[in-house]
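We count ligands from 1, going down the list as the structure has it; atoms in each ligand are counted the same way. In this text the structure is predicted, and so the values were computed from the model without any measurement.
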Amino acid sequence: MNILVTGGAGYIGSHTVLSLLNNDFDVIVFDNLSNSSIESIRRVEKLTDKKVTFVKGDIQDKAALAELFCAHNIDAVIHFAALKAVGESSTMPLAYYQNNVNGSLCLLEVMATFKVKHFIFSSSATVYGGDNNVPYIETMPLGEASSPYGASKVMVERMLNDVAKADSDFRAISLRYFNPIGAHESGQIGEAPQGVPNNLLPYIAQVAVGKRKSLQVFGDDYQTLDGTCERDYLHVMDLAEGHVAALKWLNKQRGFTGVEAFNLGTGKALSVLSIIRAFEQVSQQNIRYEIGARRSGDLAAFWANADKANRLLGWQATRSLEQMIEDTWRWQVNNPEGYL
Ligand code: NAD
Ligand code: UFG
């Protein structure tokens with residue numbers, strides 16, 4: 001089967017491409033490399049000893065997409081390509097709606113022209129918003145997104161539902177990721193943020209390796225056990241395998257039409273301070289940190305009820321926190337400048 005992976009050179013995309021190749025899918029990556037490097041794909045090819053067809057392009061370029069669908073017999077699309085910095089989305093909302101919403105719209109239009117009906121979407125726990133209780137479960141309504149980034153994910157989920165209502169052959173899955181961290185165990189591919197990392201783990205890793213002086217912990221006055229925010233961290237390879245499980249399920253379900261959402265998380269939440277301590281233990285480095293103000297838009301704690309993915313997809317996160325941190329650390333030490 002030929003799988004088109006948009007954004008496949010990025011962090012989660014590259015790990016998923018590796019899992020797809022290891023499961024004998026043929027992969028075509030379409031990426032504009034705005035937040036990634038072709039080197040990730042080269043390394044995936046080396047690790048798997050398989051070839052990836054790479055096309056550089058933007059999902060808003062419908063002519064380029066049409067050319068791609070013409071040249072390859074695409075069976076399904078996994079759609080990662082998006083801008084993903086929550087804070088940045090509040091300062092440049094239009095860029096987020098343009099890239100994430102209009103980009104998805106362009107992709108779905110070209111898919112419709114070429115009658116490609118299977119779609120897997122990178123959604124996020126952020127679609128539950130602040131009003132739902134934790135743990136989040138798929139039967140909850142979509143919430144009031146706390147950022148334009150989150151709103152863009154909610155909008156695409158809504159768009160998929162409407163497309164499915166209008167076309168009974170269309171089948172889609174929204175995978176709602178919790179907090180992916182870690183790297184492939186080889187230390188060859190991982191998360192390579194450009195500039196100052198927004199997310200916790202890449203920031204801690206850069207402090208541990210001496211690239212940054214100290215971490216700001218965003219608030220210690222939340223209603224949690226140690227006062228810092230709690231999140232459901234899962235290994236990026238578990239997440240990658242979740243995509244393979246979702247794709248296999250989509251291919252098998254003869255009777256299913258419409259859109260199905262699945263949470264991908266471990267079902268456990270860990271605080272910022274407990275992550276720092278675990279990182280210190282694994283890396284044997286002292287992580288300097290100071291307690292700063294709360295970051296706007298952060299929720300105190302959220303984690304997944306991931307029973308549905310287990311029940312229907314046969315998927316569950318299996319890798320431990322220690323493994324997540326060991327793999328982050330190996331990647332960071334081997335590649336202090338990312339893919340440069
Ligand atoms: P990433 O930035 O590493 O990967 C995104 C990729 O998409 C990059 O390679 C980028 O170059 C590409 N891209 C962006 N806009 C494009 C466009 N218009 N045309 C073609 N390519 C484009 O991010 P990631 O962490 O791998 O995230 C992948 C997906 O998962 C995103 O949709 C993100 O919103 C979603 N997600 C990520 C997280 C997380 O914590 N990393 C959590 C929930 C959801
Ligand atoms: N944090 C710090 N200091 C930092 C960075 C983060 O204390 O320098 C804290 C945050 O306040 C939060 C926790 O670490 O409590 C995790 O923060 P991240 O930025 O790593 O992750 P978020 O939970 O904010 O968001 C991530 C993705 C979103 C996605 C969400 C749910 O970035 O795209 O998980 O899946 F929507």
Just to be sure I'm reading this right: ignoring hydrogens, which of R231, Q206, R295, R294 gets closest to atom 19 (O) of ligand 2? Compare them by their nearest heavy atoms.
R295
Tell me which part of K153 gets within contact of ligand 1: side chain, backbone, both or neither, using heavy atoms under 4.0 Å.
side chain
Taking the non-hydrogen atoms of S34, is any one of them nearer than 4.0 angstrom to ligand 1?
yes
Using only heavy-atom distances, determine whether the side chains of D220 and T228 contain a donor-acceptor pair under 3.5 Å.
no
Numbered atoms of ligand 2 (with element) below 4.0 Å of V217, judged on heavy atoms:
7 (O)
Pick whichever of F218, Y128, Y149, Y233 has a heavy atom sitting closest to atom 13 (C) of ligand 2.
Y233
Counting each atom of ligand 1 from 1 as listed, which ones have a heavy atom of A82 under 4.0 Å away?
5 (C), 7 (O), 14 (C), 15 (N), 31 (C), 32 (O)
Under 3.5 Å between any N/O of F80 and any N/O of ligand 1: does that happen in this structure?
yes
For atom 3 (N) of ligand 2, grab the closest protein heavy atom and report residue, atom and distance to one decimal in Å.
Q216 O, 2.8 Å
Nearest non-hydrogen contact to atom 9 (C) of ligand 2 from the set N198, V272, V86 belongs to V272
Proximal ligand 2 atoms for A125, defined as those under 4.0 Å from one of its heavy atoms:
31 (C), 35 (O)
Residues 135-154 vs salt bridge (charged side-chain N to carboxylate O under 4.0 Å, His left out), sequence neighbours excluded, gives none
Pairing of E241 and R319 as salt bridge, 4.0 angstrom limit:
yes
So, does S14 sit close enough to ligand 1 that a heavy atom of it is under 4.0 Å from the ligand?
no
Proximity of D58 to ligand 1 by residue part, where a heavy atom lies under 4.0 Å:
both
Count the heavy atoms of every other residue, nucleotide or ligand shown that sit under 6.0 Å from CD of E67, and state whether that count exceeds 12.
no
Between Y177, Y11, Y149, Y233, which one has a non-hydrogen atom sitting closest to atom 34 (O) of ligand 1?
Y149
Proximal ligand 2 atoms for C229, defined as those under 4.0 Å from one of its heavy atoms
15 (O)
Around atom 18 (N) of ligand 1, find the nearest protein heavy atom and jot down its residue, atom name and distance.
N99 OD1, 2.7 Å
L33 heavy atom under 4.0 Å from ligand 1:
yes
Distance-only donor-acceptor check, side chains K84 and N35, under 3.5 Å
no
With heavy atoms only and a cut-off of under 4.0 Å, state how A125 meets ligand 1: side chain, backbone, both or neither.
neither
So which heavy atom in the protein is nearest atom 2 (O) of ligand 1, and how far is it from that ligand atom?
N35 ND2, 2.7 Å
Can you give the donor-acceptor pairs under 3.5 Å from side chains of residues 9-17 to other protein atoms, not counting sequence neighbours?
| from | atom 1 | to | atom 2 | distance (Å) |
| --- | --- | --- | --- | --- |
| Y11 | OH | I181 | O | 3.4 |
| Y11 | OH | G182 | N | 3.4 |
| Y11 | OH | G182 | O | 2.8 |
| S14 | OG | G10 | O | 2.7 |
| S14 | OG | Y11 | O | 3.1 |
| H15 | ND1 | Y11 | O | 2.7 |
| H15 | NE2 | H184 | N | 3.1 |
| T16 | OG1 | I12 | O | 2.9 |

Top protein contact for atom 25 (O) of ligand 2, by heavy-atom distance
N179 ND2, 4.0 Å
Does K211 pair with E337 as a salt bridge, N-O distance under 4.0 Å?
yes
Nearest protein heavy-atom contact for atom 27 (O) of ligand 1: which residue, which atom, what distance?
I12 CD1, 3.8 Å
Check each atom of ligand 1 against the heavy atoms of P180 and keep those under 4.0 Å away; list them by number with element.
39 (C), 40 (O), 41 (N)
For S124, take its heavy atoms, then give the atoms of ligand 2 lying under 4.0 Å from any of them.
29 (C), 31 (C), 35 (O), 36 (F)
Heavy-atom nearest neighbour in the protein, as seen from atom 18 (P) of ligand 2, with distance rounded to 0.1 Å:
N199 ND2, 3.4 Å
Run the contact test for S123 against ligand 1 with a 4.0 Å cut-off on heavy atoms, strictly below, and give the result.
yes
When you look for heavy atoms under 4.0 Å from ligand 1, do you find them on the side chain of N100, its backbone, both, or neither?
neither
Protein heavy atom at shortest distance from atom 17 (C) of ligand 1
N32 ND2, 3.2 Å
Side chain or backbone, does A81 bring an N or O within less than 3.5 Å of an N or O on ligand 1?
no
K50 with D24: basic N within carboxylate O range, under 4.0 Å:
yes
Would you call D221-R294 a salt bridge at under 4.0 Å N-O?
yes
Near T126 (heavy-atom distance under 4.0 Å), the atoms of ligand 2 are 36 (F)
Hey, do the aromatic rings of H243 and F80 have their centres closer than 6.0 Å?
yes
Ranked by distance from atom 20 (O) of ligand 2, the top protein heavy atom is L200 N, 2.9 Å
